[in-house]
Amino acid sequence: MKRTRLRNGLVGFLVVAVVLALAVLLGLFRPSTVAPGVQEPLTDAQTRELLPRGRELALAGNCMGCHSLPQGPGGAGGVPIDTPFGTLYSSNITPDKTYGIGKYTREDFHRVLRDGIAPGNRNLYPGMPFVFTHITRPEDIDALYAYIMSLPSVAEPNVANTGVFRLPVRPFMNFWALINFPDRQPPAREGASEQWLRGAYLVEGLGHCGACHTPRNVTMGVSFARSLEGGDVVDGLVVPDITANTLAKRGFSTASLSEYLRSGISAQGTAFGSMYTVTHFSTSAMQATDVEAIASYLMTGKDGQLLTPAKGPEPLPSASDTALQRGRLSYMSACAGCHGTEGEGIPNVAPPMNGNIAVIMASPVNLLTVILQGVPTQTFTGNQRMYAMPGFADRMSAEEVAGLASWMRAQWGGQGKIITAEQVEAIAPVKKTKTD
Amino acid sequence: MSIEKRSLTLTINGQKVGPVDTPVGMPMIDFLHDYLDLTGTRFGCGQGICHACTVMEIQPDGVPIETRTCIFDAHFFNGKTLITIEGQAKRDAQGEVSALTPIQQAFIEHFSFQCGYCTPGFVTAATVFVESLKRQPVKRADLQSRIETALNDHICRCTGYVRYYQAVQDVALKTPGCVID
Ligand code: FES
Ligand code: FES
């Protein structure tokens with residue numbers, strides 16, 4: 001008797017679990033959250049009026065940054081996004097009727113940005129930052145729709161994804177969404193200024209800063225509880241913490257941060273890696289008021305006060321230790337010619353090292369990566385540029401690079417931990433073995 | 001404040017130099033000019049951009065590479081082997097130039113340079129490039145673009161690029177084993 005009841009209970013539980021799983025798989029927990037009234041197409045007059053706003057928002061979202069190859073036609077997709085499970089390729093978002101999104105209705109487009117679901121109930125992978133664009137207001141989604149549909153069509157087929165993404169796994173994204181896709185709202189705060197609200201809306205929404213700057217959990221979902229704390233590795237570089245406290249500690253003010261976003265250049269270093277794409281294509285082209293709003297939101301502390309810049313770290317006493325002098329001499333012989341004996345840099349040639357975030361970060365990965373691999377010549381707003389830095393992987397030994405980084409970090413980064421040759425080798429094989 | 005010095009030893013144009021006490025932070029080009037009176041290496045921008053100050057460094061495996069002398073301090077080259085413009089041509093027992101290198105000869109024949117300020121750098125770059133072709137030949141169709149890439153960093157204020165490139169093409173085509181069809 002007792003056993004039958006137990007068995008029945010178990011069977012019942014299994015049935016419920018299977019039914020629930022099927023319901024999730026079929027997307028029953030992901031109903032459309034698009035605004036009412038978007039079934040009506042936009043009129044020509046509405047479209048025309050919305051265009052400038054759509055252009056600015058598309059810049060804020062850097063849609064073209066991910067959806068265009070550097071040399072390719074704008075919006076035609078094909079940019080690889082590597083994940084541990086395979087490579088995703090961004091899609092063609094031009095209004096081409098065959099290969100692009102030309103057949104998307106206004107409502108389809110809203111559903112994509114709000115819910116991450118494309119026509120035909122096709123779940124998008126979270127390479128598309130819909131967990132961020134979700135908070136975008138209906139009138140702004142309309143503006144983006146108007147703008148994107150006004151772009152030239154490009155008849156470029158989409159590139160097939162690889163790895164796991166070749167399999168029919170899209171329905172399983174519903175499970176992912178169940179854990180990782182909260183119903184977020186545009187940020188609000190009692191007594192907040194218009195500027196703060198605008199900045200918050202852009203940073204937390206279309207701007208999707210957190211897509212890189214907020215760490216991800218084991219299922220690759222955004223850990224919103226640790227918003228903008230950085231620490232993940234993107235394209236081989238550790239993403240910096242951009243919470244207000246940390247930005248202030250690194251010497252940023254609202255003014256200098258917005259100057260950085262507009263130009264790509266700051267006293268804390270120049271944009272490189274993926275952030276260069278952001279400043280180059282997105283924030284440098286946006287309206288000044290929007291960039292200032294972003295900067296002021298980022299610089300606002302938890303108590304709602306704007307934080308002011310702190311002084312950079314003082315040299316640690318250990319920077320003068322005999323053990324670190326080899327590193328100092330390496331700096332003098334290999335780096336000081338461009339970066340200056342005091343780490344002051346040369347405008348339009350080489351960024352300062354004194355106060356540079358790559359030197360200050362607790363993780364040495366970015367500093368070592370740049371020393372070993374160099375940085376190509378980059379152009380910045382207003383005809384500014386930074387000249388190519390050569391990589392030193394084949395000109396210095398791992399011990400030399402380790403000593404160099406250890407001294408730089410003690411001198412300008414407030415970081416006393418000694419870097420080992422193994423840490424250097426872990427980043428890139430170093431050709432030269434003998435030290436002189 | 002006294003100037004911090006370190007001992008420096010290296011090989012330049014086949015001659016052992018040092019050990020000599022050299023200030024920390026002295027660019028290699030100053031060491032060449034002031035300590036060794038090798039003034040053929042040209043100082044242009046001093047910021048690593050124009051490549052006028054380029055000399056040849058012979059790596060331990062014998063492969064030559066280009067290196068700038070304005071941005072690296074003399075000590076960066078401690079223990080290394082360099083060839084400056086003075087060390088390119090063959091010299092007789094009296095130290096007089098007896099035979100130019102094929103690249104030097106070709107630059108003269110093609111009237112490649114005008115004021116000549118950038119020429120030591122171009123000689124170095126072109127020589128390193130032709131040496132690289134001997135190890136890894138290039139298809140004839142790709143030769144021109146490869147020359148452009150190889151010399152691209154070098155700035156010639158007199159804008160003599162075309163004749164430099166033509167001269168290098170000439171040498172590459174005439175040197176056996178550099179170009180394949
Ligand atoms: S002088 Fe050295 S690169 Fe210009
Ligand atoms: S020949 Fe005058 S700078 Fe090149």
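Proteins get letters first, then strands, A, B, ... in listed order; numbering begins at 1 in each. All values derive from a computational prediction rather than experimental measurement. Below, each value reflects all heavy atoms present in this structure, side chains not excepted, and no hydrogens, waters or symmetry copies.
For the atom pair CD (B:Gln59) and CG (A:Asp394), the distance works out to 6.5 Å, reported to the nearest 0.5 Å. B:Met26 CE to A:Ser333 OG: the interatomic distance, rounded to the nearest 0.5 Å, is 14.5 Å. A distance of 9.0 Å separates CD1 in B:Ile71 from OH in A:Tyr387, rounded to the nearest 0.5 Å. For the atom pair B:Phe72 CZ and A:Cys338 SG, the distance stands at 7.5 Å (nearest 0.5 Å). Considering CD1 of B:Ile49 and OG1 of A:Thr377, their distance stands at 8.5 Å, rounded to 0.5 Å.
Taking a 6.0 Å sphere around CD of A:Gln423, one finds it holds more than 12 heavy atoms contributed by other residues, nucleotides or ligands. Within 6.0 Å of the CD atom in A:Glu342, the count of heavy atoms belonging to other residues, nucleotides or ligands does not exceed 12. For B:Asp92, the CG atom sits in a packed shell: over 12 heavy atoms of surrounding residues, nucleotides or ligands are nearer than 6.0 Å. Heavy-atom neighbours of B:Gln15 CD from other residues, nucleotides or ligands within 6.0 Å: at or below the threshold of 12. Residue-environment remark: CZ (B:Arg91) exceeds the threshold of 12 foreign heavy atoms within 6.0 Å. By the neighbour-count criterion of 12 heavy atoms within 6.0 Å, atom CZ of A:Arg328 is densely surrounded, having more than that number from other residues, nucleotides or ligands.
Figure legend: A:Arg395 and B:Phe76 shown without cation-pi pairing, the cationic atom not lying both under 6.0 angstrom from the six-membered ring centre and within 45 degrees of its axis.
Across every non-hydrogen atom of A:Pro390 and B:Arg68, the tightest pair is CG-NH2, 3.9 Å.
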Let me see the working for B:His75 and A:Leu329 under side-chain contact (heavy atoms from CB on, under 4.5 Å), right down to the final yes or no. CA-CA 9 Å; B:His75 294 285; A:Leu329 292 170; over 6 Å; no

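Contact annotation for A:Phe392: only side-chain heavy atoms (C-beta onward) come within less than 4.5 Å of a heavy atom of chain B.
Of the residues considered (A:Ala334, A:Ser330, A:Gly337, A:Ala388), A:Ala334 shows the highest number of contacts with chain B, using heavy-atom pairs under 4.5 Å.
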